[in-house]
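Scroll down for the structure; my scribbles are underneath it.
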Amino acid sequence: MDTTVFDDTPRGRQLQAFNRLLDVMDDLREKCPWDRKQTMESLRHLTIEETYELSDAILKKDLPEIKKEIGDLMLHLVFYAKIASEQNAFDIADVLTAQCEKLIFRHPHIYGDVTAATEEEVKKNWEQLKLKEGNKSVLGGVPGSLPALVKAMRIQEKARGAGFDWDDKSQVWQKVQEELCEFEEEFNVADTTTIDKERATAEFGDLLFSLINFARFVDINPEEALERTNLKFIERFKYLETEAAKDGKRLQDMSLEEMDFYWNRAKKL
């Protein structure tokens with residue numbers, strides 16, 4: 001156990017807490033059968049789960065839960081660095097040093113003589129600097145495994161950083177309407193005509209992409225917006241189930257009109 005003494009300033013307490021986490025990680029890796037067994041691959045899906053749990057807590061504005069989930073994620077990051085250090089690849093100091101150097105390099109308006117007065121100028125400089133680091137495309141930094149909705153948003157943000165974007169929201173909305181019409185045309189066929197599912201799927205994708213683009217343009221996060229709707233639907237549906245059960249009814253036996261009665265009550269709450 002490291003006996004390093006830190007001063008009682010806020011930074012000193014932060015360093016002491018981080019130092020303690022490193023000590024605990026060393027102990028767990030040495031003494032706990034489960035922790036000894038873990039690999040980067042075995043931790044990967046757990047890290048993804050923890051990330052989503054943090055996202056849920058943020059959407060709920062649950063600060064105690066946010067604190068807990070940040071701690072869980074911090075443990076995972078320290079765990080990956082510990083495993084890498086055992087392989088003589090890198091350790092947590094290498095990770096943090098590299099991150100600091102990258103941030104300093106990508107913020108020449110803070111640490112250099114470049115001027116960037118607006119958020120858009122900062123983003124544009126950021127993407128140009130990433131190309132200097134070896135990225136062959138401004139889209140190269142978008143992880144392939146991202147969920148499609150989040151990936152679309154990141155693709156559009158990065159394209160905007162390179163100057164590829166609409167001039168105003170009316171143009172973007174016109175594109176949404178255009179894609180909606182094209183999607184509708186795939187279904188506006190005679191009743192006897194088989195719908196081309198592949199084409200319809202492609203048009204639906206174009207429509208979603210354009211809607212995400214519009215949301216980004218008016219500063220709405222589409223992932224957050226959809227998740228809020230998901231949570232709202234869950235809350236209302238649970239109310240429907242609970243209140244119907246109180247009245248001795250089963251959803252399987254109810255008509256849609258009967259369900260709507262409870263649904264509308266839920267909307268008023």
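- Distance check, rounded to the nearest 0.5 Å: CE of M25 to CD of E30 gives 11.5 Å.
- Within 6.0 Å of atom CE in M40, more than 12 heavy atoms from other residues, nucleotides or ligands are found, so the atom counts as buried in its surroundings.
- K82 pairs in a side-chain hydrogen bond (donor to acceptor under 3.5 Å, both in side chains) with only one of the listed residues (D91, D26, D35), which is D26.
- A single hydrophobic cluster is not seen to contain both L256 and M254; linkage of ILVMFWY side chains at heavy-atom distances under 4.5 Å, directly or through other members, places them apart.
- Hydrophobic clustering (ILVMFWY, side-chain heavy atoms < 4.5 Å, transitive): L149 and I48 are in distinct clusters.
- Surrounding CD of E257 are at most 12 heavy atoms belonging to other residues, nucleotides or ligands under 6.0 Å away.
- For the pair E186 and I195, the tightest heavy-atom approach, listed with the atom from each and the gap, is O-CG2, 3.8 Å.
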After noting the C-alpha distance and the side-chain angles of R29 and I83, does the key distance pass the side chain to side chain contact (heavy atoms under 4.5 Å, CB included) rule?
CA-CA 9 Å; R29 190 65 173 168; I83 294 172; 3.8 Å; yes

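- Dense packing is recorded around CZ of F105, with more than 12 heavy atoms of other residues, nucleotides or ligands lying under 6.0 Å away.
- Cluster membership check: V24 shares its hydrophobic cluster with L96, using side-chain heavy-atom separations under 4.5 Å among Ile, Leu, Val, Met, Phe, Trp and Tyr.
- Looking at heavy atoms from C-beta onward, W263 lies in side-chain contact with F237 at the 4.5 angstrom threshold.
- The number of heavy atoms from other shown groups lying within 6.0 Å of CD (Q174) does not exceed 12.
- The heavy-atom pair separating K151 from G144 by the smallest distance is NZ-O, 2.8 Å.
- Minimum interatomic distance between L73 and E50 (heavy atoms only, all atoms of both residues): CD2-CB, 4.1 Å.
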For a side chain to side chain contact (heavy atoms under 4.5 Å, CB included) check, start with the C-alpha distance between Y262 and E241, then their side-chain angles and the critical distance, and finish with the verdict.
CA-CA 9 Å; Y262 293 100; E241 290 177 310; over 6 Å; no

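- Put simply, the side chain of T47 reaches to within 4.5 Å of the side chain of Y80, judged on heavy atoms.
- The number of heavy atoms from other shown groups lying within 6.0 Å of CZ (R265) is above 12.
- Rounded to the nearest 0.5 angstrom, D56 CG and I66 CD1 are separated by 11.0 Å.
- Residues passing the salt bridge (charged side-chain N to carboxylate O under 4.0 Å, His left out) test with E203: none are found, sequence neighbours excluded.
- Residue D165 is tested with K158, K175, R216 for a salt bridge (Lys or Arg N to Asp or Glu O under 4.0 Å); the sole match is R216.
- Separation of atoms CD (E101) and CD (Q99) is listed at 10.5 Å; rounding is to 0.5 Å.
- Side chains of D72 and L54 form no contact here, defined as non-hydrogen atoms less than 4.5 Å apart.
- Counting heavy atoms from C-beta outward, V176 and N213 have side chains that stay 4.5 Å or more apart.
- For the pair K37/S42, no side-chain contact is recorded, criterion being any heavy-atom separation below 4.5 Å from C-beta on.
- Note on ring orientation: taking the six-membered ring where Trp is involved, the planes of F183 and F204 are tilted (angle from 30° to 60°).
- Atom CG of residue L77 and atom CG of residue L21 lie 9.5 Å apart, to the nearest 0.5 angstrom.
- With sequence neighbours left out, the side chain to side chain contact (heavy atoms under 4.5 Å, CB included) criterion links K246 to T242, E243.
- By the 4.5 Å heavy-atom criterion applied to side chains, F18 and I92 are counted as neighbours.
- For the pair F6/R11, no side-chain contact is recorded, criterion being any heavy-atom separation below 4.5 Å from C-beta on.
- Shown here is E235, whose CD atom has no more than 12 heavy atoms of other residues, nucleotides or ligands within 6.0 Å.
- When hydrophobic clusters are built by joining Ile, Leu, Val, Met, Phe, Trp and Tyr residues whose side-chain heavy atoms come closer than 4.5 Å, directly or via intermediates, L269 is not grouped with F233.
- R20 and D23 are not joined by a salt bridge, as no carboxylate oxygen comes within less than 4.0 angstrom of a charged side-chain nitrogen.
- Rounding to the nearest 0.5 angstrom, the gap separating the CD atom in Q156 from the CG atom in L139 is 10.5 Å.
- With a 6.0 Å radius and a threshold of 12 heavy atoms from other residues, nucleotides or ligands, K169 has its NZ atom at or below the threshold.
- In this structure the side chain of E223 never reaches within 4.5 angstrom of the side chain of M153, judged on heavy atoms.
- Counting non-hydrogen atoms of neighbouring residues, nucleotides and ligands closer than 6.0 angstrom, the CZ atom of F90 exceeds 12 such neighbours.
- In summary, the side chains of Q16 and R13 do not present any donor paired with an acceptor at a separation below 3.5 Å, with no hydrogens or angles considered.
- Here the shortest heavy-atom pairing between H109 and T115 reads CB-C, 4.5 Å.
- Using a 4.0 Å cut-off between charged side-chain N and carboxylate O, E157 and R154 make a salt bridge.
- Taking the ring axis of F217 as reference, the NZ or CZ atom of R160 stays within 45° of it and closer than 6.0 Å to the ring centre.
- Note that CZ of F261 is 10.5 Å distant from CG of L240, once rounded to the nearest 0.5 Å.
- The shortest heavy-atom contact between A152 and I212 is CB-CD1, 3.8 Å.
- When all heavy atoms are compared, the tightest approach of A57 to E65 is CB-CG, 3.7 Å.
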